[in-house]
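What follows is a set of notes on a single structure, which appears directly below.
Lettering follows sequence order; numbering is per chain, from 1.
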Amino acid sequence: MSIVVKDLTYIYSPGTPFERKALDGVTFTIEDGDFFGIVGRTGSGKSTLISHFNGLIKLMNGSLIVEGIDLSEKYDYKKLRSQVGMVFQYPEYQLFDETVEKDVGFGPKNLGLSAAEIAERAKNAIELVGLDYREIKDRSPFELSGGQMRRVALAGVLAMKPKTLILDEPTAGLDPKGKEEIMQLLLRIKRECPTIVMISHNMDEVSSYCNRIAVLGGGKLKGVFSPKELFDKEELVAEAGLSLPMPAYISKLLVERGLNVSASSEDELVQSILSIWGAKNA
Amino acid sequence: MRDVSFGQYYPSKSVVHRMDARIKIIISLCYIVLLILVPTIDRFLDKGRLGDYIVSVGATFIVIILFLLMVTLISKVPPLKVLKSVKSVIFLVIFTAVILVLFYGGTSNHIYFHKGIINISLEGIINSIAMAIRLFLLVMGPSLLTLTTTPVELTDGIESLLKPLKLIKVPVHEIALIMSIALRLIPNLIEEADKIRSAQKARCADFDSGNIFKRAKAMLPILVPLLISSFRRADELAYAMDSRCYRGAKGRTRMKIMRLGIRDLFGMLFFAAMFFVALMFIYDFFGVSTALANLAYSLI
Amino acid sequence: MSFIEFDNVSYSYSAGTKNEVKAVKNVSFSIEKGELVALVGHNGSGKSTIAKLMNGLLLPQSGLVKVNGLDTADKKNLFDIRKSVGIVFQNPDNQMVATIIEDDVAFGPENLGLDPKEIRERVDFALKSVGMYEYREDAPFRLSGGQKQRIAIAGVLAICPEAMVLDESTSMLDPTGKKEIMEVVTRLNREKGMTVIMITHFMEEAALCDKIIVMNDGSVALSGGRQTLYDDRLVELGLKLPMSCSVAKRLNKSGMNVGEVYTPEQLAEAICRSL
């Protein structure tokens, strides 16, 4: 089990007029090897939840075990943070060093590794995100394109060799082609870093990549579902501020018009429409 | 942090809140002047008795405190908020007070302890208490101003008051605009710094250990991205302002025009009355302070 | 004379240095009053540069940009051009100048030198048009991205421009925010006849527009009516079709004729019709 969350509650600015319950008794488990999605509206508590996973927010109430480390006790935060990588929204805005190689090596350096090990890890991470190590390592991260910068930022986290990778909207602000590339990249990363947790607002992404999806609303867990289960719960999807993935939405429109279609991908959709059409014409 | 709006403005619809910011700024300035006029014990003892000093300064403080209390009550700001404003200076004040007690060098007739340059006397103690009260009042008054006036009103007020400086080519409008945009961007910057800090912490960055140089160096991974993003923001903001027809102060009008109202007149009169009474005690107009002191002496 | 005309326009960043980036190359197109136009393309295809060229924030290094017949390169015209073409940018946080919503919306009309009463009327009108009137005295921090972006739209509306350019204004928003903005914008176009130029990489948004201009590597690759979405070259450029269009296209190819549709609803109707 990668992450075990039990009865997690978190209150911002307790005891002041600004007091706000961000998380309210959240309980669920993320298994090793999951591609786990977290969805919910802005302000539903998603970011507060994932910030707990690597100890950026101190546990207030409840219990949390991450990669075997119990966060309700005293723990080695370096060990935790090297096992659980965290990629924030627009991570390219956190690049700072003179060269790509140095920036990617920042994490390993903080872990106190040897220079050789740091260089090795930086190289592997840069190659893992699909960049040309030799060509890019000595360039300034600030002269790269937006897509490249995001990859470098991702490499900076992967260089810590985490077992679980947590991403907050990894494809935000990218064009459809860029989004697709990043999602494909995550699948490749998953071979080395088996557990991936991702916040997303993009239903098509969540439904085609995640095996399990947690829905948050007003700080409460509304449930953990498989994509198929979730899209049958239309109200829940709407409540989470999401729209159905396109294939499911078009299927729904067809069902309302009396056709028996249930598709979770474009191919499935086209196939089932054509088979209905074929049957009528036969 | 990002949940709390910037500054310490405490929203309410009280008369004090609705007063013209310019009047409030002028009153605050006069208030500061008044506190400066409160004499130190040295200046006083040359011509008067210690008791006269205590009565004169004590009465002045009481008048000022009553004034602050009334303004606080009228403004509906929780009194605790006003008191809390001294939190940031409390150590400075205590430190200064202790120094003043230990090294008081003025006229002193009641010495408790004397060795080398250390000289503890009744006059020194009274002097340092008076100084402490004065400093606290000096912080509390202006903090009432910021508690009851939004940063925008403040900048607009300052712009309006500084208008005469335009004659000597001071870019008053631009300065005010810079201030108001800075106020606008501070919460964004705080939020951003917070985010970057978390991101670097997630890569095991350590900001809290080592000596001061090490710590300063450890801040680079926050400062560099923050600086870069500030430039980006500034750039985008400049485009947005240009696009919205901004041409500087030339030909620009305002939606909200500051107009003095009856409440501003009352506010001024109320302050003027307090100001006069306080001055009366300080400068012994009509011999009030002396009379009070004589009364106190006769009672003792 | 068209409302906005681009005539053989080129623009490079850091022109004349070794870092020169040719963002826009010999681009020509025109936009008429009242049109709802989508300008689409990948990131880096030159879309945002075109937005800034439209009201003289950037000036063409060769070629001409004209708004209402006025050349943007002539400094005298800039104020009038910006009065008629407003831009809503990508990041809602970076286009607000004031800490109170109504003060921010007032910034534009204040720059026009209007009388306080008129400014107040315009601010109220603009905030009502985007459904944010009841928030007018609040600070923007607590608003959602979609709400902040509606404030930015109000800020442009208060100038009463003839055209509004939305430069990827929905790209940082969640689905709810995106929907809010699209609703406001299409309504402004339909009800008030405002010319709207949507710069976007979401083809679903382009499918709601009357006219589509496709940018690729700094040049106009394709342009035309909505049926441009059915042009095979679009796929060759690596752009992702709205799913309604790509499904319709595949059904048409298989012999089931559903025609050219642009929204999921139209697709569903067309499928039922052809069964």
Side-chain angles (χ1 to χ4, degrees), chain B residues 1-7 9 11 13 17 149-156 173-174 176-192 195 229-259, chain C residues 48 51-52 54-58 78-100 102-124 137-142 152 155-159 161 164-165 167:
Chain B
M1 192 78 189
R2 70 193 74 133
D3 271 348
V4 186
S5 59
F6 176 70
Y9 180 67
K13 297 224 181 289
H17 285 76
T149 318
T150 64
V152 181
E153 288 168 340
L154 276 179
T155 42
D156 284 353
H173 164 76
E174 280 75 11
L177 189 76
I178 289 168
M179 287 198 297
S180 86
I181 289 176
L183 287 172
R184 217 312 264 123
L185 287 179
I186 283 170
N188 286 114
L189 286 182
I190 293 173
E191 190 181 332
E192 184 126 9
K195 246 191 239 162
S229 91
S230 305
F231 280 129
R232 197 183 52 241
R233 270 179 204 284
D235 222 34
E236 287 180 18
L237 194 64
Y239 275 130
M241 286 170 63
D242 273 346
S243 181
R244 284 162 78 183
C245 301
Y246 181 65
R247 296 180 294 178
K250 193 184 79 186
R252 195 171 140 79
T253 48
R254 301 304 302 265
M255 174 170 74
K256 291 175 182 165
I257 298 172
M258 286 178 277
R259 269 205 198 87
Chain C
S48 290
K52 294 195 180 89
M54 280 188 182
N55 70 355
L57 291 176
L58 296 177
L78 274 184
F79 189 63
D80 286 321
I81 288 170
R82 288 180 185 157
K83 263 201 284 192
S84 49
V85 180
I87 304 182
V88 180
F89 293 90
Q90 183 179 22
N91 189 337
D93 280 329
N94 295 353
Q95 39 191 324
M96 286 198 193
V97 290
T99 34
I100 306 269
E102 60 178 9
D103 292 351
D104 186 71
V105 176
F107 182 73
E110 285 177 342
N111 289 331
L112 301 183
L114 302 171
D115 196 86
K117 223 178 113 209
E118 160 111 33
I119 298 176
R120 170 53 72 186
E121 278 164 17
R122 285 189 176 203
V123 169
D124 290 351
E137 288 180 345
D138 291 355
F141 317 122
R142 282 162 211 275
V156 170
L157 275 183
I159 299 172
M164 188 185 295
V165 182
D167 185 5

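- A pairwise comparison of heavy atoms in B:A240 and C:F89 identifies CA-CE1, 3.6 Å as the closest pair.
- Taking both residues in full, the closest heavy atoms of B:C245 and C:I159 are given as SG-CG2, 4.2 Å, listed atom of the first, atom of the second, then distance.
- Annotation for C:P116 and B:I257: closest pair CG-CD1, 3.2 Å, computed over non-hydrogen atoms.
- The shortest non-hydrogen separation linking B:R184 to C:N94 is NH2-N, 4.4 Å.
- Across all non-hydrogen atoms, the minimal contact from B:Y239 to C:L58 is OH-CD2, 3.4 Å.
- Here B:R244 is the residue among B:K250, B:R232, B:K256, B:R244 with the most heavy-atom pairs under 4.5 Å with chain C.
- Looking at C:V165, neither its backbone nor its side chain comes within 4.5 Å of chain B, counting heavy atoms on both sides.
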- Please step through side-chain hydrogen bond (donor to acceptor under 3.5 Å, both in side chains) for the pair C:D115 and B:T253, ending with a clear verdict. CA-CA 7 Å; C:D115 196 86; B:T253 48; over 6 Å; no
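- Between atom CG of residue B:D242 and atom NZ of residue C:K52 there is a gap of 11.5 Å, rounded to the nearest 0.5 Å.
- No part of C:E118 comes within reach of chain B, as not one of its non-hydrogen atoms sits under 4.5 angstrom from that chain.
- Of all the listed residues (C:D93, C:V88, C:V156, C:L112), the one sharing the greatest number of non-hydrogen pairs under 4.5 Å with chain B is C:D93.
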- Message: Set out, in order, the CA-CA distance, both residues' side-chain angles and the distance that settles side-chain contact (heavy atoms from CB on, under 4.5 Å) for B:S243 and C:N55, then state yes or no.
- Response: CA-CA 7 Å; B:S243 181; C:N55 70 355; 3.1 Å; yes
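- For the atom pair CE of B:M255 and CG of C:D124, the computed distance is 8.0 Å after rounding to the nearest 0.5 Å.
- For the atom pair CD1 of B:I181 and OG1 of C:T99, the computed distance is 10.5 Å after rounding to the nearest 0.5 Å.
- B:L177 approaches C:F107 most closely through the heavy-atom pair CD1-CE1, 4.4 Å.
- Inter-residue side-chain proximity for C:N91 and B:E236 is flagged as met; some heavy-atom pair is nearer than 4.5 Å.
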